[in-house]
Amino acid sequence: MGAYGYSLHPYFKEMPAIGKPLNRVNKQNVEEIKKVEAEIAQEVERVKQTGKATEAMNKQGEMTAWQRLEYLVDPGTWCPLHTIYDPEFNEEGTTGVIDGIGKISGKWAVIIASNNKIMAGAWIAGQADNILRVTDLAKRLRVPLVWVLNCSGVKLMEQEKVYANRRGNGTPFYRHAELEQLGIPVIVGIYGTNPAGGGYHGISPTVLIAHQKANIAVGGGGIVGGMNPKGYFDEEAAEQLIDATRKFKAAPPGRVEIHYNGTGFFREVCETEEAVLDRIKQYMKDMPAYHPDFFRVADPAEPKFPIEDLYSLVPFNQRRGYQMAEVLARLFDNSEHMEYRPGYGPEVYCGLAKIDGYLCGIIGNNQGMLGNNYPEYTDQYQGIGGKLYRQGLIKMSEFVTFCGRDRIPIIWLQDTTGIDVGDIAEKAELLGLGQSLIYSIESTDIPMMLIVLRKGTAAAHYIMGGPNANNNNAFTLGTATTEIYVMHGETAAAASYSRRLVKEKDAGRPLEPVIEKMNDMVREYYEKSRPVFCAKKGFVDEIVNFADLRKYCKAFVGAAYQNPASFCPFHQMITPRIIRG
C-alpha cells in the first residue's frame with residue numbers, strides 16, 4: 001500500500017489482463033534487431049570517445065562531462081537523449097552537449113552538460129536546436145532543468161552556423177527566462193572559462209554554483225584587450241593580440257572574485273568539482289515535487305512477461321504483422337489495462353494502463369487484417385492494421401480529449417503506413433478528421449511521449465503524437481526497427497517516375513535508365529530512414545534498445561506526475577467510468 005492509500009481503487013487496483021506468454025523465441029528476429037542495436041551502441045561509443053582523452057583530462061584535474069553526470073545522477077535512472085544527434089553532420093560528429101532525463105536526489109530533472117572533451121564545450125552547429133529540445137522538455141514535463149556548464153564560447157570558424165537566426169544560440173537564453181516565468185527552476189554548476197555565449201549560459205539560470213576556477217563574462221580575450229580593428233592584421237596588430245591574450249590568460253574576466261565577492265551572481269563557490277555537483281544535489285532536494293505516491297493509483301509492479309520478449313514479438317521484417325497487445329503486455333504494470341471502445345476503430349488501440357503505479361493513456365497501431373466489413377464506408381477494399389480509417393481517427397480524438405479532461409499523460413506507440421487515401425476516403429472525411437485529432441491533442445495540454453516502434457509514415461506520423469504537429473510531445477523514441485519517411489521508397493519512386501515511364505514507353509525508348517533512377521531513389525529512401533540517420537537528423541530524440549523501453553516509460557510518467565500544473569482528482573475522473581460503462 002502506498003503512503004496515502006489509493007483513490008478509485010476498484011477501478012485501478014486490479015485491471016483486466018492483457019497478453020500471454022511467448023510461445024517460442026524467434027532467434028533470427030532477435031539477431032537482426034540486436035545487430036542494429038549493436039550498430040547504434042557503436043555510434044554512441046564513438047560520441048563518448050570523441051575529443052580529448054579522458055585520462056589526459058583527469059591528469060589535469062578535470063572531470064569529463066560524462067564523469068560529472070555519472071556522479072550527479074541517481075544510479076539506474078539516467079535516460080539519455082540526443083546522444084548521436086548531429087543534424088549538420090559536424091566534423092566533431094556531435095552537437096557538443098550531452099542530455100537526458102534522470103533523478104537527482106530522488107527527483108526527476110532534465111539534465112544537460114557541455115561536452116568539455118570537444119573544444120572545451122564550445123558552441124558548434126546543431127547545438128542550439130539540441131538545447132531548445134531540452135528546454136522544451138523541461139517546460140512540457142515541468143521539472144527542473146539542470147546545467148553542468150563548461151562552455152568556451154562559439155566555434156568562430158563556423159559562426160554563421162551557430163550565432164544568428166531564429167533558432168540560433170541566443171534563443172536558449174530567452175527559453176531560460178521563459179522557464180523561470182513558468183516557475184520551472186534552472187540550476188547550473190559552472191566549470192572552466194565561459195566567455196560570450198558561455199557567459200549567458202552561466203548568468204541566465206536561476207541558481208549559479210561555481211567551481212573556484214570558473215569564470216563567466218560578456219566577452220573573450222580579444223574584446224577585453226581593447227583592440228582597434230583595422231579591417232586586416234599586420235605585425236603591430238599581432239603583437240597587440242599577443243599582449244592581450246597573455247593578460248587574459250593570467251586574469252580572465254568574470255572570475256570568482258568578481259562574481260562572488262563583487263557582483264554576488266555566484267550563489268556558492270566550491271573548491272572541488274565534486275562539491276559543485278553535491279550542491280546541485282542539495283538544491284534538488286528542495287525543488288517542487290509531490291511525494292511519488294500522491295498520484296499513484298496502485299503499487300508499482302513489473303509486467304508479468306519479460307520485456308526481452310519484444311525481440312521476438314516485433315518483426316524486423318516490416319511487412320510482417322504482430323499483436324500490439326503482446327507488446328503492451330511487456331510494458332504495463334502487472335500486464336493489466338482498461339481498453340477504450342475495443343469494438344470500434346479496430347486499427348488502433350486506446351486504453352488506460354499503469355506504469356510504475358501511475359495511470360497513463362496508451363494509443364497504438366494494431367496490425368493485421370481488420371475484417372471484411374471494415375472500413376465501414378466502403379466495400380471496395382479491406383482494412384489493414386497500421387493504416388488509419390474514419391472510426392480509428394474518431395476514436396483517438398475522443399480518447400485524447402478524455403485524457404486531457406482527466407489530466408492523464410499519454411504514450412503513443414506508432415507503427416503506421418499512413419491514412420486511407422482516395423476519393424472514398426475523402427468522402428469519409430479522413431482529411432478533416434486527421435486535423436481534428438491534431439486539434440484535440442493541442443487542446444489537452446498534457447505531456448505526451450512517442451515511441452516509433454516501426455514505421456512512422458506520411459501524415460499519420462504527425463497526428464499520432466508526432467513532434468512535428470504537437471506542442472505536447474515531450475520526446476520521441478525510436479528502436480532498431482524504426483523507419484520514418486513520407487512514404488515507402490518504392491511508392492515514392494512509382495509516384496515520381498510513373499509518368500516518365502509511360503512517356504518513354506510510348507516513345508519507344510528503353511526503360512532501363514528510368515528504372516535505374518527509380519532504384520536509386522528506393523535505396524536513398526532506405527538509407528535516409530534508418531534508425532541511426534533518424535537519430536542524427538533529430539526525427540527521434542534517441543534510439544533505445546527494446547530492453548530499455550519500459551525504463552523510459554517510467555521516467556516519462558514519473559516526471560509528468562512530479563509537479564503537474566493541473567490535475568484531476570482520481571475519484572472525479574470520467575475516462576475509466578466510460579470504459580467500464
Side-chain angles (χ1 to χ4, degrees), residues 46-72 82 86 88 90-99 111-128 130-131 134 146-159 161-163 169 172-173 188-205 208-225 241 244-256 258-259 266 270 272-274 276-277:
R46 176 192 57 77
V47 171
K48 289 184 176 181
Q49 297 303 323
T50 297
K52 200 171 181 180
T54 300
E55 296 77 12
M57 295 183 69
N58 293 166
K59 192 174 181 180
Q60 294 173 355
E62 184 179 7
M63 298 170 72
T64 69
W66 306 97
Q67 290 172 323
R68 290 166 179 168
L69 290 175
E70 185 177 5
Y71 184 93
L72 178 65
H82 313 113
D86 181 22
E88 298 293 330
N90 297 335
E91 63 178 349
E92 296 85 3
T94 173
T95 62
V97 287
I98 308 157
D99 66 89
I111 307 158
I112 182 168
S114 310
N115 190 347
N116 55 340
K117 295 180 67 176
I118 300 173
M119 298 180 67
W123 288 95
I124 56 179
Q127 186 175 133
N130 194 337
I131 296 170
V134 170
V146 173
W147 262 100
V148 181
L149 182 66
N150 196 154
C151 179
S152 60
V154 173
K155 183 181 180 183
L156 297 175
M157 300 81 78
E158 297 181 354
Q159 64 87 24
K161 297 181 180 180
V162 175
Y163 169 65
N169 285 19
F173 311 140
V188 61
I190 308 169
Y191 299 93
T193 298
N194 301 270
Y200 281 98
H201 262 335
I203 200 64
S204 56
L208 316 183
I209 307 167
H211 183 252
Q212 63 178 350
K213 295 182 181 179
N215 61 78
I216 56 173
V218 175
I223 299 172
V224 174
L241 184 58
T245 302
R246 283 174 174 163
K247 289 179 180 177
F248 174 75
K249 187 174 182 180
R255 303 176 306 284
V256 163
I258 299 297
H259 286 317
F266 293 157
C270 303
T272 67
E273 288 213 11
E274 292 87 350
V276 174
L277 303 172

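This one's a predicted model, so the numbers in the text were calculated from it and none came from an experiment. When a residue number appears, it is its place in the shown sequence, counting from 1.
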Subject >> Spacing of CG belonging to Asn169 relative to NZ belonging to Lys161, to within rounding of 0.5 Å >> reply: 13.0 Å
Subject >> All salt bridge (charged side-chain N to carboxylate O under 4.0 Å, His left out) counterparts of Glu158, not counting sequence neighbours >> reply: Lys155
Original post:
Is the side chain of Asn194 donor-acceptor paired with the backbone N or O of Cys151 at a distance under 3.5 Å, no angle test?
Top reply: yes
Original post:
With distance as the sole test, does His259 use its side chain to make a donor-acceptor pair with the main-chain N or O of Ile216 at under 3.5 Å?
Top reply: yes
Subject >> Heavy-atom closest pair, residues Phe266 and Val256 >> reply: CE1-CA, 4.2 Å
Subject >> Contact check, side chains of Val276 and Tyr71, non-hydrogen atoms, under 4.5 Å >> reply: no
Subject >> All side-chain hydrogen bond (donor to acceptor under 3.5 Å, both in side chains) counterparts of His211, not counting sequence neighbours >> reply: none
Original post:
Got a sec: does the CD of Gln212 have more than 12 other heavy atoms crowding it under 6.0 Å?
Top reply: yes
Subject >> Under the side-chain hydrogen bond (donor to acceptor under 3.5 Å, both in side chains) test, residues paired with Ser204 that sit two or more places apart >> reply: His176
Original post:
Who pairs with Glu273 by side-chain hydrogen bond (donor to acceptor under 3.5 Å, both in side chains), at least two apart in sequence or on another chain?
Top reply: Arg68
Original post:
From Asn215 CG over to Tyr191 OH, what is the distance, rounded to the nearest 0.5 angstrom?
Top reply: 14.5 Å
Original post:
So, do Asn58 and Gln67 sit near enough that their side-chain heavy atoms are less than 4.5 Å apart?
Top reply: yes
Subject >> Atom pair NE2/CD1 of His201 and Ile131 - distance to nearest 0.5 Å >> reply: 4.0 Å
**OP:** Among Ile124, Ile112, Val148, find the one that has a side chain to side chain contact (heavy atoms under 4.5 Å, CB included) with Val97.
**Re:** Ile112
**OP:** Flag the pair Val134 / Trp147 as yes when at least one side-chain heavy-atom distance between them is below 4.5 Å, and no otherwise.
**Re:** no
Original post:
For the residue pair Ala214 and Ile190, what are the closest heavy atoms and their distance?
Top reply: CB-O, 3.4 Å
Original post:
Does Glu92 use its side chain to pair, donor to acceptor, with the backbone of Ala125 at less than 3.5 Å?
Top reply: no
Tell me which donor-acceptor pairs under 3.5 Å the side chains of residues 114-121 have, and how far apart each pair is, sequence neighbours excluded?
from, atom 1, to, atom 2, distance (Å)
Ser114, OG, Asn150, N, 3.0
Asn115, OD1, Lys117, N, 3.2
Asn116, OD1, Ala65, N, 2.9
Asn116, ND2, Glu62, OE2, 3.0
Asn116, ND2, Met63, O, 2.9
Lys117, NZ, Lys48, O, 2.7

Subject >> Sequence-distant partners of Tyr200, side chain to side chain contact (heavy atoms under 4.5 Å, CB included), two or more places apart >> reply: Phe173, Ile203
Original post:
How many angstroms lie between CD1 in Ile209 and CG in Leu149, if you round to the nearest 0.5 Å?
Top reply: 12.0 Å
**OP:** Please identify each residue that fulfils side-chain hydrogen bond (donor to acceptor under 3.5 Å, both in side chains) with Gln49, with sequence neighbours left out.
**Re:** Glu45
**OP:** Decide yes or no for Ile258 and Pro253: does some side-chain heavy atom of the first lie under 4.5 Å from some side-chain heavy atom of the second?
**Re:** no
Original post:
Sequence neighbours excluded, which residues qualify as side chain to side chain contact (heavy atoms under 4.5 Å, CB included) partners of Val154?
Top reply: Trp123, Leu156, Gln159, Val162
**OP:** Evaluate the side-chain proximity of Thr94 to Asp86: yes if any heavy-atom separation is below 4.5 Å, no if none is.
**Re:** no
